[in-house]
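Scroll down for the structure; my scribbles are underneath it.
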2 protein chains.
Amino acid sequence: MSPSSHHRRSGRSEHCPRWRRRAEARPDDILDAAEACFLEEGYAGATVERIARGAGISKGAVYLYFESKEAMLVALIRRSVAKLAEAAAARLDAQGQDEDPVTALREAGGLFRAVLADPHMFAAPRIVLAEAGRFPQLAEIYRREVIDVAMPAAVRLIRRGQEQGVFRAVDPQVAARSLIGGVLVQALWRSVFARDDEPAPDPEAFIETHLDIVLNGLCERKAA
Amino acid sequence: MSPSSHHRRSGRSEHCPRWRRRAEARPDDILDAAEACFLEEGYAGATVERIARGAGISKGAVYLYFESKEAMLVALIRRSVAKLAEAAAARLDAQGQDEDPVTALREAGGLFRAVLADPHMFAAPRIVLAEAGRFPQLAEIYRREVIDVAMPAAVRLIRRGQEQGVFRAVDPQVAARSLIGGVLVQALWRSVFARDDEPAPDPEAFIETHLDIVLNGLCERKAA
DNA sequence: CCTTACTAACTGACCGGTCAGTTAGTAACA
DNA sequence: TGTTACTAACTGACCGGTCAGTTAGTAAGG
């Protein structure tokens, strides 16, 4: 996984170093390993020793970079939130400010699809869901940095659609959750109940149909 | 709580027994306490000692009723699934076989609302979500007993609506998930991100609006 | 009734094992 | 050689599970 080019002392001596000094790269390596462990075994079930081995170092080294196991968890969520914000910003930049609410919401669906398709990005929300009970600060971070940004944006779009007479007059909060819900249930499904013997529905097609249903449900009837 | 006639040695002595024999009631007491602990601290984080104290007995007594901590978890999920099936059957009996798909789906929404409103019933799904990674058999139970029953029923209803020309021709699997998703996101929201300082949206009104949006989105347009 | 003899529900101390976190020492690099 | 990154052995605390002993309840015999 790590791209570390296994360096061998030039020429003769087969001296293979037992480890390399990589102070800058370590934190990310550790968080990658921690993410995998927390996902598979939960926070309490994961051990620092296994996380360290996953990152290719010893347990003691982990504590050179993180105060505690809990600090790893918080840093992991922070990193994921930052990445998500970055990806969202890039996408919004790329498409510019779309003035049509329907198109804009479809575009937002594309972002969700990206999150959905990338298990790496969906890992953090899943961990937050699982551990929010014992670590309320995780939920707090996610809420402040992601939800309190994304939800109002969606609500604004829906409200604009309503003002333009495109959408019916339903509670925009509920509408936003109806939109998100389909994606969430799909993602949870895939990560919890998915079975090998049944055809995994194409996420792309799923999002397409889901948006079609909900946006259609939001639209005014052309005729009574 | 217990109806056991507290027998007092005749006359004077205020002898209050340190514990009472309640063999029949114990398993449910223990599972109640386990549910609360697993919800709050996760399976790995919960301790048998705390579960026992929550049930009002000592740790040793727990092992008179359950083989192991894991057996408690499995029994807990089984009990919840049985209760859910019971509630669903009762509701379906009460309303009879409604032939109109739209009405039937709205009725199904009522069942979801019941699950949503009762934190006791939502506890088990939440635990399954959190622990499915380490205990696939939990997901298996839930899938076999709940999802593989509920999803086909919803899909059948939607398909019937399509045959009657009421619903548009979208993938019924996706439509079913769109319906469920809104409820799920609401429930997760309340249990993870809910904050005291904001008005909790009325679950009744939420379900109403969500069903309105999705069912409307499923319906054929009256006019192109 | 009251004692006595018994059953089984329950307790709490204990054990083997595990894990988060620490530290003394070593290998890598400048 | 000195500094820094890292390892491996260690510690103390905790936890799941066990078990020898205790106590609530019961029923037979007087």
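Reminder, nothing fancy here: chain letters follow the sequence lines and each chain counts from 1.
Nucleic acid contact class of B/Y65 (heavy atoms, under 4.0 Å, all strands): sugar-phosphate only. Contacts of A/L64 with the nucleic acid, taken as non-hydrogen atoms under 4.0 Å apart, include base atoms.
Of the candidates A/L31, A/I51, A/L73, A/F66 forms a side-chain contact (heavy atoms from CB on, under 4.5 Å) with just one, namely A/L31.
Defining each end axis of the helix from C/dC1-D/dG30 to C/dA30-D/dT1 as the rotation carrying four pairs' C1' atoms onto the next four, with five pairs an end, the two axes are found to diverge by 0° to 10 degrees.
Residue pairs that meet the salt bridge (Lys or Arg N to Asp or Glu O under 4.0 Å) test with at least one member in residues 119-133 of chain A, sequence neighbours left out, are A/E131-A/R134.
Note that the CG atom of A/L211 and the CZ atom of A/F206 stand 9.0 Å from one another [nearest 0.5 Å].
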Hey, what are the protein-to-nucleotides 13-17 of chain D N/O distances that come in under 3.5 Å?
from   : atom 1 : to    : atom 2 : distance (Å)
D/dG16 : OP1    : B/A46 : O      : 3.0
D/dG16 : OP1    : B/K69 : NZ     : 2.9
D/dG16 : OP2    : B/V48 : N      : 3.0
D/dG16 : N7     : B/K59 : NZ     : 2.9
D/dG17 : OP2    : B/Y63 : OH     : 2.8
D/dG17 : OP2    : B/K69 : N      : 2.9
D/dG17 : N7     : B/K59 : NZ     : 3.0
D/dG17 : O6     : B/K59 : NZ     : 2.6

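In this structure, A/D171 does not pair ionically with A/R159, as no charged nitrogen and carboxylate oxygen lie closer than 4.0 Å.
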message = For B/E41 and B/R50: C-alpha separation, side-chain torsions, deciding distance, then whether salt bridge (charged side-chain N to carboxylate O under 4.0 Å, His left out) applies.
response = CA-CA 11 Å; B/E41 330 177 65; B/R50 273 198 294 273; 3.0 Å; yes
message = Quick one, A/K83 with A/D118, criterion salt bridge (charged side-chain N to carboxylate O under 4.0 Å, His left out). Give me CA distance, side-chain angles, the key distance, then yes/no.
response = CA-CA 12 Å; A/K83 275 188 187 170; A/D118 181 5; over 6 Å; no
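When the P atom of C/dC10 is taken as reference, atom CD1 of B/I51 falls 17 Å away, rounded to whole Å. Regarding A/R53, its CZ atom lies at a distance of 14 Å from the P atom of C/dA20, rounded to whole Å. Atom CG of A/D29 and atom C1' of D/dA5 are 14 Å apart (whole Å). Between the CD1 atom of A/I30 and the C1' atom of D/dC6 there is a distance of 11 Å, given to the nearest Å.
Although no hydrogens or angles enter the test, the distance criterion places no donor-acceptor pair under 3.5 Å between the side chain of A/H210 and the main chain of B/V174. Here the side chain of B/Y142 pairs no donor or acceptor atom with the backbone of B/R78 at under 3.5 angstrom.
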